[in-house]
Amino acid sequence: MNQMPMTSENVTTMPTKNTKITARDVQVYYGDTHAIKDVDVDIEDRTVTAFIGPSGCGKSTFLRCLNRMNDTIDICRVEGAIKIDNEDIYDKKVDPVQLRAKVGMVFQKPNPFPKSIYDNIAYGPRIHGLAKSKADLDEIVEKSLRRGAIWDEVKDRLHAPGTGLSGGQQQRLCIARAVATEPEVLLMDEPCSALDPIATDQVEDLIDELRSQYSVVIVTHSMQQAARVSQKTAFFHLGNLVEYGETDQIFTNPKDPRTESYISGRIG
Amino acid sequence: MTDVTNTPVPSGPEKSRGSSLYALDKRTKRRNAAEARFKAYGIAAVCVGLAFLVILLVSIVRNGIPAFTQTFVELPIYLNEEKLDPDGNRDPAAMSKVSTFGYNPLIEDALVQLMADNGIETDMDGPTLRKMLSSSVPAQVRDYTLANPDQVGETVTFRVLASSRVDGYMKGRVQREDLERDKNLDAAHLDIVDQLVDAGAVERTFNWAFITGADASESRPEQAGIGVSMIGSFFMMIVVLVLALPIGVAASIYLEEFAAKNRFTDLIEVNISNLAAVPSIVFGILGLAVFIQFGGLPQSAPLVGGLVLTLMTLPTIIISTRASLKAVPPSIRDAALGVGASKTQAVFHHVLPLAMPGILTGTIIGLAQALGETAPLLLIGMVGYIATNYPEGIVDGFLAPNSAMPAQIYEWAKRADPAYYERAWGGIIVLLLFLMTMNIIAIILRRRFERRW
Ligand SMILES: Nc1ncnc2c1ncn2[C@@H]1O[C@H](COP(=O)(O)OP(=O)(O)O)[C@@H](O)[C@H]1O
Ligand SMILES: [Mg+2]
């Protein structure tokens with residue numbers, strides 16, 4: 001890691017950040033199961049925000065609310081208000097398809113399309129009409145692969161299948177695919193849980209770089225990872241957002257006893 | 001986490017300590033024996049299956065191959081002008097007044113001449129000799145004469161079908177003692193046949209007419225072919241493919257990817273599975289009632305057969321399509337939705353191409369089933385229909401009465417003459433070749449579309 005977790009002094013010296021996402025009083029139900037309860041949170045722009053908590057506490061569920069991926073689950077119901085740049089993403093006028101171009105997502109298991117590396121990246125820009133010509137598209141592909149920190153490894157085999165890459169490369173390809181549609185927010189659901197330590201390291205470095213342009217929200221089950229890559233941390237427990245604050249403060253000086261027990265390994 | 005470290009690690013059973021790895025204990029031995037036994041069962045099962053397959057194939061080939069050859073006689077016939085065109089002006093209308101019966105004397109004379117030319121001594125007269133030939137010969141000669149009036153007055157060498165008894169003798173199916181009480185042929189005829197074979201005037205060769213020809217009447221098995229009913233099957237398969245594939249795939253995509261999962265869709269799902277198990281004859285009577293009696297479509301038409309088989313094939317296609325859609329990993333859908341594809345885009349750009357091999361395989365298997373199906377055709381009049389004419393065009397192909405390959409085979413097997421029994425086996429070979437071709441196409445398509453992820 002070239003960048004160690006921020007200290008609180010560091011944060012204050014940085015320019016004040018805008019709030020990108022605000023969630024108020026969010027409830028999520030799967031049928032009768034109440035999976036997310038009364039969650040209020042403000043997620044900042046150009047910041048890595050980590051969601052931690054024991055498994056089944058609702059981290060993924062809440063993350064998937066932010067780009068309305070939960071719409072694809074029939075029994076899932078979301079209540080409350082979630083705004084991105086002060087626009088309610090659950091408003092009737094909002095088309096989830098447009099939202100998802102703005103809020104990219106990277107999944108737990110690397111899931112490249114069974115197509116060429118080039119087509120993996122080009123798919124999003126194509127369906128959103130971001131490229132006017134082949135040259136445009138080539139440029140977007142190169143730029144995205146560079147942002148995904150994988151350009152050097154694949155530039156000679158852009159037309160080889162994306163599924164032929166190693167796990168870590170596939171995940172960086174997926175990140176590149178997500179940034180190709182010019183999103184403003186990047187959601188990552190345990191992006192390193194299927195990767196070996198070296199690949200994890202590379203992806204973490206990448207996340208740190210992405211912070212300069214995007215608001216990154218990452219779900220992780222590894223507290224070390226949260227501490228390494230994030231500036232803000234939210235601790236979820238049984239569907240509640242128990243504590244939210246500077247990563248440093250959460251790990252060194254948690255206010256809630258539940259956070260403390262989790263961090264010291266007593267729950268989870 | 002913390003609690004676990006405090007509890008003592010339970011120690012294993014003391015006796016396992018110090019035992020040798022070389023000595024198999026009782027439990028391991030029993031387990032290995034069970035495994036060996038199971039393997040033996042498996043191999044035995046596979047062998048039994050293979051044995052049945054081999055028996056089946058051998059008997060099909062042995063019984064069916066003779067149907068592909070036929071005995072022909074090289075017969076020079078003098079086209080007697082006095083009999084065929086007494087006026088001598090080659091007027092087609094006048095010439096066609098001479099019926100097929102009018103040609104019999106020419107053929108009889110030609111046979112007597114053939115005996116004389118080859119030095120075969122016999123006391124049989126012309127009509128008796130003619131029993132060696134198929135009763136289709138006069139029509140063949142007449143057709144030729146009407147088409148080539150300028151040949152009248154000449155001697156033309158025809159290649160004519162031998163009668164089915166002579167053909168059976170050439171194939172070893174008919175022996176001299178079989179003919180003792182047969183009014184169609186005598187043992188003496190066979191002596192003549194032997195001599196004609198030596199003289200090169202009778203030979204058994206490959207018979208394209210069996211593959212391309214039409215069905216014939218009960219008394220002329222030597223003339224019957226499966227070609228016209230093949231056309232019937234072909235038009236039915238077109239109907240099935242054009243209707244069942246798009247309807248089936250669209251229905252499956254909707255049910256699998258778009259429809260809400262509720263009681264109603266569950267009900268539909270159960271019913272589709274049930275439909276797949278409905279006996280095919282039920283679809284036949286449904287087709288009779290709906291398409292023929294209510295819809296007013298013609299009887300015995302391949303269009304109706306195709307519609308009935310579509311109903312029958314739809315569940316197969318829907319079930320296999322849904323299974324292959326289900327087999328596409330959900331992560332691919334997530335990936336597409338995650339970059340902002342709409343549901344339709346996700347399905348058509350990513351899910352469907354991945355499911356394609358399965359869909360195609362299912363469709364081709366459905367088609368193959370439909371191709372071999374006989375029972376529903378029974379009820380819409382395609383079984384028992386004697387398919388003697390080629391359809392005159394595409395529309396006629398769908399609407400004119402016809403038979404289908406399995407129906408034709410059933411029809412032949414039903415007829416008394418053993419020569420037809422042989423043709424039924426031959427028809428089965430043709431049908432199986434079609435099925436094999438379809439399966440090979442399925443495999444090739446599957447290979448071509450297959451993608452790994
Ligand atoms: N598709 C679903 N259908 C029903 N319940 C679900 C579904 N996904 C998650 N849940 C439930 O919601 C709760 C939170 O799950 P999740 O958000 O996946 O937790 P986490 O990501 O923190 O491990 C769990 O109790 C889980 O059982
Ligand atoms: Mg999760």
Side-chain angles (χ1 to χ4, degrees), chain A residues 64 67-69 71-75 95-116 119-128 130 144 161-164 170 173-174 176-183 186-189 194 261-262 264-268, chain B residues 1-7 253-269 322 324-360 446-453:
Chain A
R64 291 162 62 91
N67 69 344
R68 292 184 57 177
M69 278 301 270
D71 289 15
T72 60
I73 299 170
D74 286 332
I75 54 167
D95 189 334
V97 166
Q98 234 169 313
L99 171 70
R100 288 182 201 135
K102 188 166 169 166
V103 183
M105 186 153 192
V106 176
F107 298 83
Q108 184 164 358
K109 213 177 119 238
N111 56 354
F113 298 126
K115 302 184 180 223
S116 72
D119 286 337
N120 262 282
I121 307 294
Y123 181 68
R126 270 197 198 120
I127 59 172
H128 295 294
L130 298 183
S144 309
T163 41
Q170 286 190 16
L173 179 68
C174 291
R177 180 177 67 191
V179 299
T181 56
E182 299 290 339
L186 265 183
L187 308 178
M188 303 191 178
D189 192 350
S261 341
Y262 180 69
S264 57
R266 274 197 293 275
I267 50 177
Chain B
M1 206 196 284
T2 42
D3 290 350
V4 176
T5 49
N6 296 339
T7 51
I253 291 179
Y254 179 75
L255 285 175
E256 195 56 42
E257 305 283 338
F258 293 96
K261 305 274 173 287
N262 54 28
R263 281 262 180 80
F264 184 63
T265 44
D266 281 352
L267 192 72
I268 291 180
E269 174 148 16
R322 292 190 66 178
S324 24
L325 289 175
K326 267 203 190 89
V328 175
S331 65
I332 296 291
R333 293 179 183 81
D334 284 346
L337 296 177
V339 295
S342 68
K343 207 155 181 177
T344 316
Q345 285 173 327
V347 170
F348 283 92
H349 295 167
H350 299 287
V351 179
L352 205 54
L354 290 174
M356 216 53 193
I359 295 175
L360 287 175
R446 193 162 48 194
R447 286 266 163 82
R448 168 157 306 178
F449 279 99
E450 201 146 65
R451 297 227 185 88
R452 285 149 297 274
W453 59 76

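Note that the coordinates shown come from a computational prediction; the quantities given were computed from them, not determined experimentally.
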Just checking B/Phe258: does its CZ atom have more than 12 heavy atoms from other residues, nucleotides or ligands closer to it than 6.0 angstrom? yes

If you count the non-hydrogen atoms of other residues, nucleotides and ligands that lie under 6.0 Å from NZ in A/Lys102, is the total more than 12? yes

[X] side, atom [atom1]; [Y] side, atom [atom2] - distance, nearest 0.5 Å:
| X | Y | atom1 | atom2 | value |
| --- | --- | --- | --- | --- |
| A/Gln98 | B/Ser342 | CD | OG | 12.5 Å |
| A/Asn111 | B/Arg333 | CG | CZ | 12.5 Å |
| B/Asp334 | A/Gln108 | CG | CD | 11.0 Å |
| A/Ile127 | B/Gln345 | CD1 | CD | 4.5 Å |

All heavy atoms of A/Val97 vs all of B/Gly340, minimum pair found to be CG1-O, 2.9 Å

Which pair of heavy atoms, one from B/Ala260 and one from A/Asp74, lies closest together, and at what distance? CA-OD2, 4.1 Å

Parallel, tilted or perpendicular: ring planes of A/Phe113 versus B/His350, cut at 30 and 60 degrees: parallel

Does a side-chain heavy-atom distance below 4.5 Å link A/Met69 with B/Leu337? yes

Tell me if a side-chain donor or acceptor on A/His128 pairs with a main-chain N or O of B/Ala341 at a distance below 3.5 Å. no

